[in-house]
K.L.:
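First the structure, which I've put down as C-alpha coordinates, then a few questions once you've had a look.
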Protein chains: 2
Amino acid sequence: MGDAPHILVVDDHRQIRESVTRFLERNGMRATAAKDAHEMDVKLAGGHFDLIVLDVMMPGEDGLSVCQRLSTKRRLPIIMLTALGLETDRIVGLEIGADDYLPKPFNPRELLARIRAVLRRASLAEPEACSLAGKTARFAGLTLNADAHFIEDPYGNRVQLTTADLRLLTVLLERPHTILSRDQLLDLTAGRSAGPLDRTIDNQISRLRRKVEPDPLRPSIITTVRNGGYCLAADVEVID
Amino acid sequence: MGDAPHILVVDDHRQIRESVTRFLERNGMRATAAKDAHEMDVKLAGGHFDLIVLDVMMPGEDGLSVCQRLSTKRRLPIIMLTALGLETDRIVGLEIGADDYLPKPFNPRELLARIRAVLRRASLAEPEACSLAGKTARFAGLTLNADAHFIEDPYGNRVQLTTADLRLLTVLLERPHTILSRDQLLDLTAGRSAGPLDRTIDNQISRLRRKVEPDPLRPSIITTVRNGGYCLAADVEVID
DNA sequence: CCTAAATGTAATTATTTGTATCAAAAAAGC
DNA sequence: GCTTTTTTGATACAAATAATTACATTTAGG
(Lines give C-alpha, C1' and ligand atoms only; values in the text may rest on other atoms or scores of the structure.)
Protein backbone atom coordinates (compact mmCIF):
# COMPACT_ATOMS: atom_id res chain seq x y z
CA MET A 1 0.00 0.00 0.00
CA GLY A 2 2.74 2.36 -0.91
CA ASP A 3 0.51 5.14 -2.17
CA ALA A 4 -2.72 6.71 -1.07
CA PRO A 5 -4.84 4.36 1.03
CA HIS A 6 -8.08 3.25 -0.57
CA ILE A 7 -11.22 3.59 1.54
CA LEU A 8 -14.57 1.96 0.84
CA VAL A 9 -17.51 3.97 2.19
CA VAL A 10 -20.72 1.98 2.66
CA ASP A 11 -23.81 4.00 3.52
CA ASP A 12 -27.33 4.08 2.13
CA HIS A 13 -27.64 7.87 2.28
CA ARG A 14 -26.38 9.27 -0.97
CA GLN A 15 -25.50 12.61 0.56
CA ILE A 16 -23.33 11.14 3.28
CA ARG A 17 -21.58 8.78 0.85
CA GLU A 18 -20.70 11.55 -1.51
CA SER A 19 -19.64 14.14 1.01
CA VAL A 20 -17.46 11.63 2.83
CA THR A 21 -15.76 10.32 -0.30
CA ARG A 22 -15.14 13.86 -1.51
CA PHE A 23 -13.76 14.87 1.86
CA LEU A 24 -11.43 11.89 1.96
CA GLU A 25 -10.21 12.54 -1.56
CA ARG A 26 -9.46 16.15 -0.70
CA ASN A 27 -7.31 14.80 2.10
CA GLY A 28 -5.03 12.58 0.09
CA MET A 29 -6.95 9.31 0.08
CA ARG A 30 -8.71 7.35 -2.57
CA ALA A 31 -12.35 6.69 -1.79
CA THR A 32 -15.03 4.53 -3.32
CA ALA A 33 -18.70 4.48 -2.36
CA ALA A 34 -21.17 1.64 -2.08
CA LYS A 35 -24.84 2.04 -1.22
CA ASP A 36 -25.45 -1.35 0.42
CA ALA A 37 -23.93 -4.65 1.38
CA HIS A 38 -24.32 -6.15 -2.04
CA GLU A 39 -22.65 -3.27 -3.85
CA MET A 40 -19.92 -3.44 -1.26
CA ASP A 41 -19.25 -7.09 -2.09
CA VAL A 42 -19.02 -6.25 -5.77
CA LYS A 43 -16.50 -3.46 -5.17
CA LEU A 44 -14.49 -5.60 -2.76
CA ALA A 45 -14.25 -8.34 -5.33
CA GLY A 46 -13.00 -5.97 -7.95
CA GLY A 47 -10.34 -3.95 -6.19
CA HIS A 48 -7.95 -3.53 -3.31
CA PHE A 49 -9.07 -1.62 -0.24
CA ASP A 50 -7.26 -0.67 2.93
CA LEU A 51 -10.23 0.14 5.13
CA ILE A 52 -14.02 0.09 5.18
CA VAL A 53 -16.27 2.77 6.66
CA LEU A 54 -19.51 0.98 7.34
CA ASP A 55 -22.91 2.31 8.37
CA VAL A 56 -24.73 0.14 10.89
CA MET A 57 -28.27 1.02 9.78
CA MET A 58 -28.79 -0.09 6.22
CA PRO A 59 -31.60 -1.61 4.24
CA GLY A 60 -30.90 -5.19 3.26
CA GLU A 61 -28.04 -6.80 5.11
CA ASP A 62 -27.34 -5.08 8.39
CA GLY A 63 -24.01 -3.39 9.16
CA LEU A 64 -23.34 -5.61 12.14
CA SER A 65 -23.89 -8.73 10.09
CA VAL A 66 -21.60 -7.42 7.35
CA CYS A 67 -18.96 -6.61 9.93
CA GLN A 68 -19.09 -10.07 11.42
CA ARG A 69 -18.95 -11.68 8.01
CA LEU A 70 -15.95 -9.64 6.92
CA SER A 71 -13.95 -9.84 10.10
CA THR A 72 -13.97 -13.62 10.06
CA LYS A 73 -12.97 -13.86 6.43
CA ARG A 74 -10.54 -11.07 5.67
CA ARG A 75 -8.38 -8.99 7.89
CA LEU A 76 -9.60 -5.64 6.67
CA PRO A 77 -10.00 -2.79 9.16
CA ILE A 78 -13.54 -1.59 9.68
CA ILE A 79 -14.85 1.66 11.15
CA MET A 80 -18.53 1.54 11.98
CA LEU A 81 -20.89 4.51 11.84
CA THR A 82 -23.54 4.12 14.51
CA ALA A 83 -26.74 5.98 15.07
CA LEU A 84 -26.41 8.56 17.78
CA GLY A 85 -25.90 7.40 21.27
CA LEU A 86 -26.99 3.81 20.79
CA GLU A 87 -24.49 2.39 23.21
CA THR A 88 -25.56 -1.17 22.59
CA ASP A 89 -24.71 -0.91 18.93
CA ARG A 90 -21.27 0.44 19.72
CA ILE A 91 -20.46 -2.25 22.19
CA VAL A 92 -21.75 -5.02 19.99
CA GLY A 93 -19.88 -3.55 17.05
CA LEU A 94 -16.59 -3.63 18.89
CA GLU A 95 -17.20 -7.11 20.18
CA ILE A 96 -18.05 -8.33 16.73
CA GLY A 97 -14.77 -7.22 15.25
CA ALA A 98 -14.94 -3.59 14.21
CA ASP A 99 -11.72 -1.69 14.70
CA ASP A 100 -13.41 1.52 15.69
CA TYR A 101 -16.75 3.26 15.52
CA LEU A 102 -17.99 6.80 15.24
CA PRO A 103 -21.36 8.04 16.43
CA LYS A 104 -23.49 9.93 13.90
CA PRO A 105 -23.57 12.81 13.26
CA PHE A 106 -19.83 13.10 13.10
CA ASN A 107 -17.22 15.66 12.30
CA PRO A 108 -15.43 14.66 9.08
CA ARG A 109 -12.11 15.67 10.59
CA GLU A 110 -12.68 13.18 13.33
CA LEU A 111 -13.44 10.44 10.84
CA LEU A 112 -10.20 11.28 9.08
CA ALA A 113 -8.24 11.11 12.32
CA ARG A 114 -9.74 7.73 13.11
CA ILE A 115 -9.04 6.38 9.67
CA ARG A 116 -5.43 7.48 9.97
CA ALA A 117 -5.15 5.99 13.44
CA VAL A 118 -6.57 2.63 12.35
CA LEU A 119 -4.39 2.52 9.25
CA ARG A 120 -1.33 3.36 11.29
CA ARG A 121 -2.07 0.50 13.66
CA ALA A 122 -2.82 -1.87 10.82
CA SER A 123 0.46 -1.11 9.12
CA LEU A 124 2.32 -1.64 12.37
CA ALA A 125 0.78 -5.03 12.91
CA GLU A 126 1.42 -6.17 9.38
CA PRO A 127 5.11 -5.55 8.71
CA GLU A 128 4.91 -6.01 4.99
CA ALA A 129 2.73 -8.06 2.76
CA CYS A 130 5.56 -8.60 0.34
CA SER A 131 5.52 -11.99 -1.16
CA LEU A 132 8.92 -13.44 -1.79
CA ALA A 133 7.75 -14.92 -5.06
CA GLY A 134 10.45 -14.65 -7.64
CA LYS A 135 12.94 -13.18 -5.24
CA THR A 136 15.94 -14.20 -3.22
CA ALA A 137 16.30 -13.76 0.51
CA ARG A 138 19.44 -13.80 2.62
CA PHE A 139 19.27 -14.71 6.27
CA ALA A 140 21.70 -16.14 8.76
CA GLY A 141 24.28 -16.67 6.03
CA LEU A 142 21.88 -18.68 3.90
CA THR A 143 20.28 -17.76 0.64
CA LEU A 144 16.78 -18.77 -0.28
CA ASN A 145 15.84 -19.01 -3.90
CA ALA A 146 12.06 -18.89 -3.65
CA ASP A 147 11.48 -19.70 -7.28
CA ALA A 148 13.65 -22.76 -7.47
CA HIS A 149 12.66 -24.01 -4.00
CA PHE A 150 16.12 -24.40 -2.52
CA ILE A 151 18.42 -22.79 -0.01
CA GLU A 152 22.15 -22.51 -0.40
CA ASP A 153 24.76 -22.22 2.31
CA PRO A 154 27.98 -20.21 1.98
CA TYR A 155 29.81 -23.24 0.55
CA GLY A 156 27.31 -23.66 -2.23
CA ASN A 157 25.56 -26.69 -0.77
CA ARG A 158 21.98 -26.74 -1.82
CA VAL A 159 19.03 -28.21 0.00
CA GLN A 160 15.77 -28.78 -1.79
CA LEU A 161 12.62 -27.50 -0.10
CA THR A 162 9.17 -29.00 -0.41
CA THR A 163 6.20 -26.73 -0.99
CA ALA A 164 5.26 -26.89 2.67
CA ASP A 165 8.83 -26.11 3.72
CA LEU A 166 8.89 -23.13 1.42
CA ARG A 167 5.56 -21.78 2.53
CA LEU A 168 6.47 -21.97 6.18
CA LEU A 169 9.89 -20.48 5.64
CA THR A 170 8.44 -17.69 3.54
CA VAL A 171 5.91 -16.80 6.20
CA LEU A 172 8.69 -16.67 8.77
CA LEU A 173 11.03 -14.66 6.57
CA GLU A 174 8.34 -12.09 5.96
CA ARG A 175 8.08 -11.49 9.68
CA PRO A 176 11.53 -11.71 11.20
CA HIS A 177 11.88 -11.32 14.96
CA THR A 178 8.17 -11.87 15.38
CA ILE A 179 6.65 -14.52 17.57
CA LEU A 180 4.07 -16.43 15.61
CA SER A 181 1.72 -18.84 17.32
CA ARG A 182 1.03 -22.25 15.85
CA ASP A 183 -2.42 -20.98 15.10
CA GLN A 184 -1.13 -18.05 13.13
CA LEU A 185 1.38 -20.15 11.30
CA LEU A 186 -1.22 -22.68 10.31
CA ASP A 187 -3.49 -19.91 9.16
CA LEU A 188 -0.77 -18.23 7.15
CA THR A 189 0.62 -21.38 5.57
CA ALA A 190 -2.47 -23.49 5.04
CA GLY A 191 -5.35 -21.09 5.61
CA ARG A 192 -7.01 -23.13 8.28
CA SER A 193 -7.31 -22.87 12.01
CA ALA A 194 -5.86 -25.41 14.37
CA GLY A 195 -7.72 -27.98 16.32
CA PRO A 196 -6.71 -28.49 19.94
CA LEU A 197 -4.44 -31.44 19.29
CA ASP A 198 -2.89 -30.18 16.11
CA ARG A 199 0.83 -30.88 15.95
CA THR A 200 1.13 -30.09 12.29
CA ILE A 201 3.23 -27.00 12.75
CA ASP A 202 5.53 -28.66 15.27
CA ASN A 203 6.20 -31.21 12.67
CA GLN A 204 6.81 -28.87 9.82
CA ILE A 205 9.10 -26.78 11.98
CA SER A 206 11.00 -29.91 12.86
CA ARG A 207 11.42 -30.87 9.23
CA LEU A 208 12.37 -27.35 8.22
CA ARG A 209 14.94 -27.12 10.97
CA ARG A 210 16.68 -30.20 9.70
CA LYS A 211 17.21 -28.41 6.43
CA VAL A 212 18.00 -24.94 7.74
CA GLU A 213 19.70 -25.17 11.12
CA PRO A 214 23.41 -25.87 11.39
CA ASP A 215 22.65 -27.87 14.52
CA PRO A 216 18.99 -28.93 14.53
CA LEU A 217 19.22 -30.05 18.14
CA ARG A 218 20.11 -26.53 19.23
CA PRO A 219 18.11 -24.35 16.89
CA SER A 220 19.42 -20.83 16.51
CA ILE A 221 17.58 -19.57 13.46
CA ILE A 222 14.06 -20.77 14.13
CA THR A 223 13.65 -20.55 17.88
CA THR A 224 10.93 -21.95 20.07
CA VAL A 225 9.02 -19.66 22.38
CA ARG A 226 7.38 -21.77 25.00
CA ASN A 227 3.65 -21.10 25.21
CA GLY A 228 4.13 -18.67 22.37
CA GLY A 229 5.07 -20.33 19.16
CA TYR A 230 8.08 -19.94 16.93
CA CYS A 231 10.22 -17.03 15.85
CA LEU A 232 12.66 -16.38 13.06
CA ALA A 233 15.73 -15.11 14.89
CA ALA A 234 17.64 -13.54 12.06
CA ASP A 235 17.72 -10.43 9.96
CA VAL A 236 16.36 -10.86 6.48
CA GLU A 237 17.49 -9.09 3.35
CA VAL A 238 15.32 -9.47 0.28
CA ILE A 239 17.17 -9.28 -3.00
CA ASP A 240 15.41 -8.90 -6.28
CA MET B 1 0.30 -12.51 26.60
CA GLY B 2 -0.59 -15.97 27.71
CA ASP B 3 -2.51 -15.10 30.83
CA ALA B 4 -4.74 -12.30 31.96
CA PRO B 5 -3.84 -8.97 30.42
CA HIS B 6 -2.49 -6.35 32.77
CA ILE B 7 -4.04 -2.89 32.55
CA LEU B 8 -2.61 0.28 34.04
CA VAL B 9 -5.27 2.82 34.98
CA VAL B 10 -4.05 6.40 35.30
CA ASP B 11 -6.53 8.89 36.71
CA ASP B 12 -6.31 11.50 39.43
CA HIS B 13 -9.77 10.75 40.84
CA ARG B 14 -9.42 8.06 43.42
CA GLN B 15 -12.98 6.88 43.03
CA ILE B 16 -12.70 6.35 39.27
CA ARG B 17 -9.35 4.60 39.66
CA GLU B 18 -10.65 2.19 42.20
CA SER B 19 -13.97 1.40 40.60
CA VAL B 20 -12.34 0.84 37.24
CA THR B 21 -9.61 -1.43 38.56
CA ARG B 22 -12.15 -3.42 40.54
CA PHE B 23 -14.40 -3.74 37.54
CA LEU B 24 -11.58 -4.94 35.33
CA GLU B 25 -10.45 -7.47 37.88
CA ARG B 26 -13.96 -8.83 38.16
CA ASN B 27 -13.81 -9.36 34.42
CA GLY B 28 -10.72 -11.48 34.24
CA MET B 29 -8.01 -8.87 33.92
CA ARG B 30 -5.28 -7.69 36.19
CA ALA B 31 -5.39 -3.99 36.92
CA THR B 32 -3.04 -1.55 38.60
CA ALA B 33 -3.79 2.07 39.39
CA ALA B 34 -1.64 5.18 39.25
CA LYS B 35 -2.74 8.64 40.32
CA ASP B 36 -0.55 10.72 38.04
CA ALA B 37 2.11 10.63 35.36
CA HIS B 38 4.94 10.18 37.79
CA GLU B 39 3.36 7.23 39.56
CA MET B 40 2.64 5.76 36.16
CA ASP B 41 6.30 5.92 35.23
CA VAL B 42 7.26 4.12 38.39
CA LYS B 43 4.76 1.33 37.77
CA LEU B 44 5.78 1.02 34.16
CA ALA B 45 9.41 0.58 35.11
CA GLY B 46 8.63 -2.18 37.56
CA GLY B 47 6.11 -4.32 35.79
CA HIS B 48 4.69 -5.54 32.56
CA PHE B 49 1.56 -3.96 31.15
CA ASP B 50 -0.50 -4.70 28.08
CA LEU B 51 -2.50 -1.50 27.91
CA ILE B 52 -2.87 1.90 29.56
CA VAL B 53 -6.12 3.66 30.32
CA LEU B 54 -5.16 7.32 30.57
CA ASP B 55 -7.15 10.31 31.72
CA VAL B 56 -6.54 13.45 29.67
CA MET B 57 -7.14 15.93 32.44
CA MET B 58 -4.62 15.45 35.20
CA PRO B 59 -2.67 17.69 37.51
CA GLY B 60 1.01 17.73 36.71
CA GLU B 61 1.89 16.28 33.35
CA ASP B 62 -1.04 16.35 31.00
CA GLY B 63 -2.53 13.18 29.49
CA LEU B 64 -1.84 14.27 25.93
CA SER B 65 1.77 14.93 26.73
CA VAL B 66 2.09 11.55 28.44
CA CYS B 67 0.51 9.88 25.45
CA GLN B 68 2.88 11.51 23.03
CA ARG B 69 5.84 10.62 25.19
CA LEU B 70 4.83 6.98 25.48
CA SER B 71 3.79 6.40 21.91
CA THR B 72 7.17 7.48 20.62
CA LYS B 73 9.08 5.31 23.05
CA ARG B 74 7.20 2.09 23.57
CA ARG B 75 4.57 0.37 21.54
CA LEU B 76 2.00 0.11 24.28
CA PRO B 77 -1.68 0.56 23.45
CA ILE B 78 -3.35 3.56 25.06
CA ILE B 79 -7.01 4.32 25.61
CA MET B 80 -7.65 7.92 26.56
CA LEU B 81 -10.47 9.12 28.79
CA THR B 82 -11.59 12.55 27.62
CA ALA B 83 -13.85 15.10 29.24
CA LEU B 84 -17.29 15.02 27.76
CA GLY B 85 -17.73 16.09 24.21
CA LEU B 86 -14.44 17.89 23.81
CA GLU B 87 -13.99 16.86 20.24
CA THR B 88 -10.68 18.63 19.90
CA ASP B 89 -9.17 16.51 22.63
CA ARG B 90 -10.35 13.34 20.95
CA ILE B 91 -8.95 14.26 17.58
CA VAL B 92 -5.67 15.45 18.97
CA GLY B 93 -5.46 12.31 21.08
CA LEU B 94 -5.87 10.03 18.11
CA GLU B 95 -3.41 12.01 16.04
CA ILE B 96 -0.90 11.92 18.83
CA GLY B 97 -0.92 8.16 19.04
CA ALA B 98 -3.73 6.96 21.27
CA ASP B 99 -5.34 3.75 20.11
CA ASP B 100 -8.80 4.73 21.21
CA TYR B 101 -10.61 7.13 23.45
CA LEU B 102 -13.72 7.12 25.54
CA PRO B 103 -15.70 10.21 26.54
CA LYS B 104 -16.45 10.63 30.21
CA PRO B 105 -18.73 9.69 31.80
CA PHE B 106 -18.51 6.21 30.39
CA ASN B 107 -20.16 2.85 30.79
CA PRO B 108 -17.66 0.37 32.28
CA ARG B 109 -18.90 -2.31 29.94
CA GLU B 110 -17.99 -0.14 27.02
CA LEU B 111 -14.52 0.45 28.40
CA LEU B 112 -14.12 -3.30 28.72
CA ALA B 113 -15.25 -3.85 25.13
CA ARG B 114 -12.78 -1.23 23.91
CA ILE B 115 -9.95 -2.71 25.92
CA ARG B 116 -10.68 -6.12 24.47
CA ALA B 117 -10.89 -4.72 20.95
CA VAL B 118 -7.59 -2.88 21.27
CA LEU B 119 -5.86 -5.88 22.78
CA ARG B 120 -7.16 -8.13 20.05
CA ARG B 121 -5.73 -5.81 17.44
CA ALA B 122 -2.46 -5.38 19.27
CA SER B 123 -1.90 -9.09 19.67
CA LEU B 124 -2.36 -9.91 16.02
CA ALA B 125 1.35 -9.93 15.48
CA GLU B 126 3.49 -9.70 18.53
CA PRO B 127 6.91 -8.45 17.70
CA GLU B 128 9.31 -10.11 20.06
CA ALA B 129 8.62 -8.13 23.17
CA CYS B 130 11.99 -7.30 24.63
CA SER B 131 14.20 -4.46 23.54
CA LEU B 132 17.11 -6.86 23.21
CA ALA B 133 15.49 -8.73 20.34
CA GLY B 134 17.93 -9.08 17.52
CA LYS B 135 20.76 -7.67 19.57
CA THR B 136 23.73 -8.78 21.56
CA ALA B 137 24.51 -7.79 25.14
CA ARG B 138 27.86 -7.92 26.91
CA PHE B 139 28.01 -8.18 30.67
CA ALA B 140 30.54 -9.54 33.11
CA GLY B 141 32.66 -10.87 30.29
CA LEU B 142 29.81 -12.83 28.79
CA THR B 143 27.95 -12.25 25.58
CA LEU B 144 24.27 -12.88 25.20
CA ASN B 145 22.89 -13.58 21.78
CA ALA B 146 19.23 -12.84 22.39
CA ASP B 147 18.15 -14.10 19.00
CA ALA B 148 19.78 -17.48 19.11
CA HIS B 149 19.08 -18.02 22.83
CA PHE B 150 22.61 -18.63 24.06
CA ILE B 151 25.39 -16.98 26.01
CA GLU B 152 29.04 -17.31 25.19
CA ASP B 153 31.99 -16.97 27.51
CA PRO B 154 35.36 -15.50 26.46
CA TYR B 155 36.60 -18.93 25.41
CA GLY B 156 33.73 -19.44 23.03
CA ASN B 157 31.85 -21.93 25.17
CA ARG B 158 28.19 -21.67 24.52
CA VAL B 159 25.35 -22.38 26.89
CA GLN B 160 21.85 -22.79 25.55
CA LEU B 161 19.13 -20.81 27.32
CA THR B 162 15.52 -21.90 27.64
CA THR B 163 12.69 -19.48 27.00
CA ALA B 164 12.33 -18.80 30.71
CA ASP B 165 16.08 -18.35 31.18
CA LEU B 166 16.19 -15.83 28.40
CA ARG B 167 13.17 -13.91 29.63
CA LEU B 168 14.56 -13.58 33.11
CA LEU B 169 18.03 -12.65 31.96
CA THR B 170 16.68 -10.09 29.54
CA VAL B 171 14.60 -8.44 32.22
CA LEU B 172 17.65 -8.22 34.44
CA LEU B 173 19.93 -6.94 31.70
CA GLU B 174 17.45 -4.21 30.88
CA ARG B 175 17.69 -2.96 34.45
CA PRO B 176 21.26 -3.38 35.64
CA HIS B 177 22.12 -2.45 39.24
CA THR B 178 18.43 -2.35 40.07
CA ILE B 179 16.83 -4.37 42.83
CA LEU B 180 13.84 -6.23 41.52
CA SER B 181 11.42 -7.98 43.84
CA ARG B 182 10.22 -11.49 43.10
CA ASP B 183 6.84 -9.98 42.40
CA GLN B 184 8.21 -7.62 39.82
CA LEU B 185 10.30 -10.31 38.20
CA LEU B 186 7.36 -12.66 37.93
CA ASP B 187 5.27 -9.92 36.43
CA LEU B 188 7.94 -8.93 33.94
CA THR B 189 8.82 -12.45 32.91
CA ALA B 190 5.54 -14.29 33.03
CA GLY B 191 2.96 -11.55 33.28
CA ARG B 192 1.37 -12.85 36.41
CA SER B 193 1.38 -11.85 40.04
CA ALA B 194 2.80 -14.06 42.74
CA GLY B 195 0.92 -16.06 45.29
CA PRO B 196 2.22 -16.05 48.86
CA LEU B 197 4.19 -19.29 48.59
CA ASP B 198 5.51 -18.76 45.12
CA ARG B 199 9.10 -19.89 44.77
CA THR B 200 9.09 -19.83 41.02
CA ILE B 201 11.53 -16.97 40.71
CA ASP B 202 13.92 -18.41 43.29
CA ASN B 203 14.00 -21.47 41.19
CA GLN B 204 14.54 -19.77 37.92
CA ILE B 205 17.28 -17.63 39.40
CA SER B 206 18.89 -20.79 40.65
CA ARG B 207 18.79 -22.40 37.25
CA LEU B 208 19.98 -19.26 35.52
CA ARG B 209 22.88 -18.89 37.90
CA ARG B 210 24.07 -22.37 37.01
CA LYS B 211 24.35 -21.23 33.43
CA VAL B 212 25.68 -17.76 34.00
CA GLU B 213 27.76 -17.66 37.17
CA PRO B 214 31.37 -18.82 37.18
CA ASP B 215 30.76 -20.16 40.69
CA PRO B 216 27.04 -20.70 41.24
CA LEU B 217 27.57 -21.25 44.97
CA ARG B 218 28.95 -17.75 45.34
CA PRO B 219 26.95 -15.71 42.87
CA SER B 220 28.66 -12.55 41.70
CA ILE B 221 26.61 -11.51 38.71
CA ILE B 222 23.08 -12.06 39.92
CA THR B 223 23.14 -11.13 43.59
CA THR B 224 20.55 -11.77 46.25
CA VAL B 225 19.13 -8.86 48.23
CA ARG B 226 17.65 -10.28 51.35
CA ASN B 227 14.00 -9.26 51.77
CA GLY B 228 14.38 -7.32 48.57
CA GLY B 229 14.80 -9.59 45.63
CA TYR B 230 17.57 -9.96 43.10
CA CYS B 231 19.88 -7.60 41.30
CA LEU B 232 22.11 -7.75 38.28
CA ALA B 233 25.49 -6.59 39.56
CA ALA B 234 27.22 -5.88 36.28
CA ASP B 235 27.44 -3.21 33.65
CA VAL B 236 25.63 -3.99 30.45
CA GLU B 237 26.59 -2.94 26.98
CA VAL B 238 24.07 -3.51 24.24
CA ILE B 239 25.57 -4.09 20.83
CA ASP B 240 23.57 -4.05 17.68
C1' DC C 1 -2.88 -46.80 -12.48
C1' DC C 2 1.13 -47.29 -10.05
C1' DT C 3 4.97 -45.48 -7.48
C1' DA C 4 7.30 -42.34 -4.71
C1' DA C 5 7.39 -38.33 -2.30
C1' DA C 6 5.15 -35.21 0.74
C1' DT C 7 2.08 -34.15 4.29
C1' DG C 8 -1.03 -34.76 8.22
C1' DT C 9 -2.03 -37.64 12.39
C1' DA C 10 -1.08 -40.28 16.30
C1' DA C 11 2.00 -41.98 19.66
C1' DT C 12 6.25 -41.90 22.07
C1' DT C 13 9.98 -39.60 24.09
C1' DA C 14 12.42 -35.64 25.83
C1' DT C 15 12.54 -31.15 27.79
C1' DT C 16 11.02 -27.38 30.36
C1' DT C 17 8.81 -25.37 34.10
C1' DG C 18 6.06 -24.88 38.43
C1' DT C 19 5.41 -26.78 43.10
C1' DA C 20 6.62 -29.04 47.25
C1' DT C 21 10.07 -30.11 50.39
C1' DC C 22 14.08 -29.94 52.96
C1' DA C 23 18.58 -28.09 54.07
C1' DA C 24 21.48 -24.08 54.67
C1' DA C 25 22.34 -19.34 55.69
C1' DA C 26 21.20 -15.01 57.73
C1' DA C 27 18.89 -12.28 61.08
C1' DA C 28 16.61 -11.82 65.59
C1' DG C 29 15.92 -12.68 70.31
C1' DC C 30 17.38 -14.20 74.59
C1' DG D 1 27.03 -17.47 72.19
C1' DC D 2 23.14 -20.28 71.47
C1' DT D 3 18.60 -21.11 69.94
C1' DT D 4 14.68 -19.69 67.20
C1' DT D 5 12.73 -17.70 63.27
C1' DT D 6 12.83 -16.19 58.73
C1' DT D 7 14.53 -16.21 54.25
C1' DT D 8 16.92 -18.28 50.54
C1' DG D 9 19.07 -22.28 47.81
C1' DA D 10 18.90 -26.85 46.09
C1' DT D 11 16.73 -31.05 45.03
C1' DA D 12 13.08 -34.03 43.65
C1' DC D 13 9.03 -34.64 41.50
C1' DA D 14 4.87 -33.87 38.65
C1' DA D 15 2.52 -31.46 35.08
C1' DA D 16 2.74 -29.09 30.90
C1' DT D 17 4.71 -28.46 26.59
C1' DA D 18 7.58 -29.52 22.63
C1' DA D 19 10.42 -32.72 19.55
C1' DT D 20 10.76 -36.82 17.20
C1' DT D 21 9.46 -41.04 15.34
C1' DA D 22 6.51 -43.98 12.99
C1' DC D 23 2.65 -44.56 10.28
C1' DA D 24 -1.37 -43.50 7.30
C1' DT D 25 -3.17 -40.67 3.96
C1' DT D 26 -2.87 -37.67 0.26
C1' DT D 27 -0.78 -35.77 -3.76
C1' DA D 28 2.09 -35.50 -7.92
C1' DG D 29 4.57 -37.56 -11.66
C1' DG D 30 5.41 -40.98 -14.84
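All chains are named by letter (A, B, ...) in the order of the sequence lines, taking the proteins before the strands, and each is independently numbered beginning at 1.
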K.L.:
B:Leu197 has an atom CG; how far is it from atom P of D:dT7, in whole Å?
P.N.:
12 Å
K.L.:
Rounding to an integer number of Å, can you tell me how far B:Asn227 CG sits from D:dT5 C1'?
P.N.:
12 Å
K.L.:
For D:dA10, take OP1 and OP2 only and decide whether either is under 4.0 Å from a side-chain N or O of B:Arg209.
P.N.:
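B:Arg209 to D:dA10 OP1/OP2: no side-chain N or O under 4.0 Å.
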K.L.:
Quickly work out the A:Arg207 CZ to D:dA22 P distance and round it to whole Å.
P.N.:
13 Å
K.L.:
Could you check how far CG of B:Asp202 sits from C1' of C:dT17, rounded to whole Å?
P.N.:
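Those two atoms, CG and C1', are 14 Å apart.
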K.L.:
Quiz question: by atom type and distance under 3.5 Å, do the side chains of A:Asp198 and A:Thr200 form a donor-acceptor pair?
P.N.:
yes
K.L.:
For D:dT7, does either OP1 or OP2 sit under 4.0 Å from a side-chain N or O belonging to B:Tyr230?
P.N.:
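No, because none of the side-chain N or O atoms of B:Tyr230 sits under 4.0 Å from OP1 or OP2 of D:dT7.
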K.L.:
Round to the nearest Å and state the distance from A:Arg199 atom CZ to D:dA22 atom C1'.
P.N.:
16 Å
K.L.:
Does a salt bridge link A:Asp41 with A:Arg69, judged by any charged N lying under 4.0 Å from a carboxylate O?
P.N.:
yes
K.L.:
Taking any heavy-atom pair under 4.0 Å as a contact, classify A:Leu217: base, sugar-phosphate, or nothing.
P.N.:
sugar-phosphate
K.L.:
Any side-chain N or O of B:Thr224 less than 4.0 Å from the OP1 or OP2 oxygen of D:dG9?
P.N.:
yes
K.L.:
On DNA chain D, compare the nucleotides closest to A:Asn203 and A:Arg182; which residue's is nearer the 5' end?
P.N.:
A:Arg182
K.L.:
If only side-chain N and O atoms of B:Thr200 are considered, is one of them under 4.0 Å from the OP1 or OP2 phosphate oxygen of C:dT17?
P.N.:
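No, because none of the side-chain N or O atoms of B:Thr200 sits under 4.0 Å from OP1 or OP2 of C:dT17.
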K.L.:
Nearest to the B:Arg192 side chain among D:dT20, C:dA26, C:dG18, which nucleotide is it?
P.N.:
C:dG18
K.L.:
A:Leu185 CG to D:dA18 C1': how many Å, rounded?
P.N.:
14 Å
K.L.:
Would you say the side chains of B:Arg209 and B:Thr224 form a donor-acceptor pair under 3.5 Å?
P.N.:
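B:Arg209 vs B:Thr224: donor-acceptor pair found between side chains.
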K.L.:
Test side chain to side chain donor-acceptor pair (under 3.5 Å) on B:Asp11 and B:His13 and set out the steps.
P.N.:
CA-CA 6 Å; B:Asp11 194 309; B:His13 296 89; 3.3 Å; yes
K.L.:
Does a side-chain N or O from A:Arg210 land closer than 4.0 Å to OP1 or OP2 of D:dT21, or not?
P.N.:
yes
K.L.:
Can you tell me the distance, in whole Å, between the CZ atom of A:Arg226 and the P atom of D:dA18?
P.N.:
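So the two atoms are 6 Å apart, to the nearest Å.
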K.L.:
Send over the distance from A:Asp183 CG to D:dA18 P, rounded to a whole Å.
P.N.:
13 Å
K.L.:
Can a side chain N or O of B:Thr162 be found less than 4.0 Å away from OP1 or OP2 on C:dT17?
P.N.:
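Result: yes.
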K.L.:
Is there a donor-acceptor contact under 3.5 Å linking the side chains of B:His149 and B:Asp165?
P.N.:
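B:His149 vs B:Asp165: no donor-acceptor pair found between side chains.
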K.L.:
At under 4.0 Å, does any side-chain N or O of A:Gln204 touch on OP1 or OP2 of C:dT7?
P.N.:
no
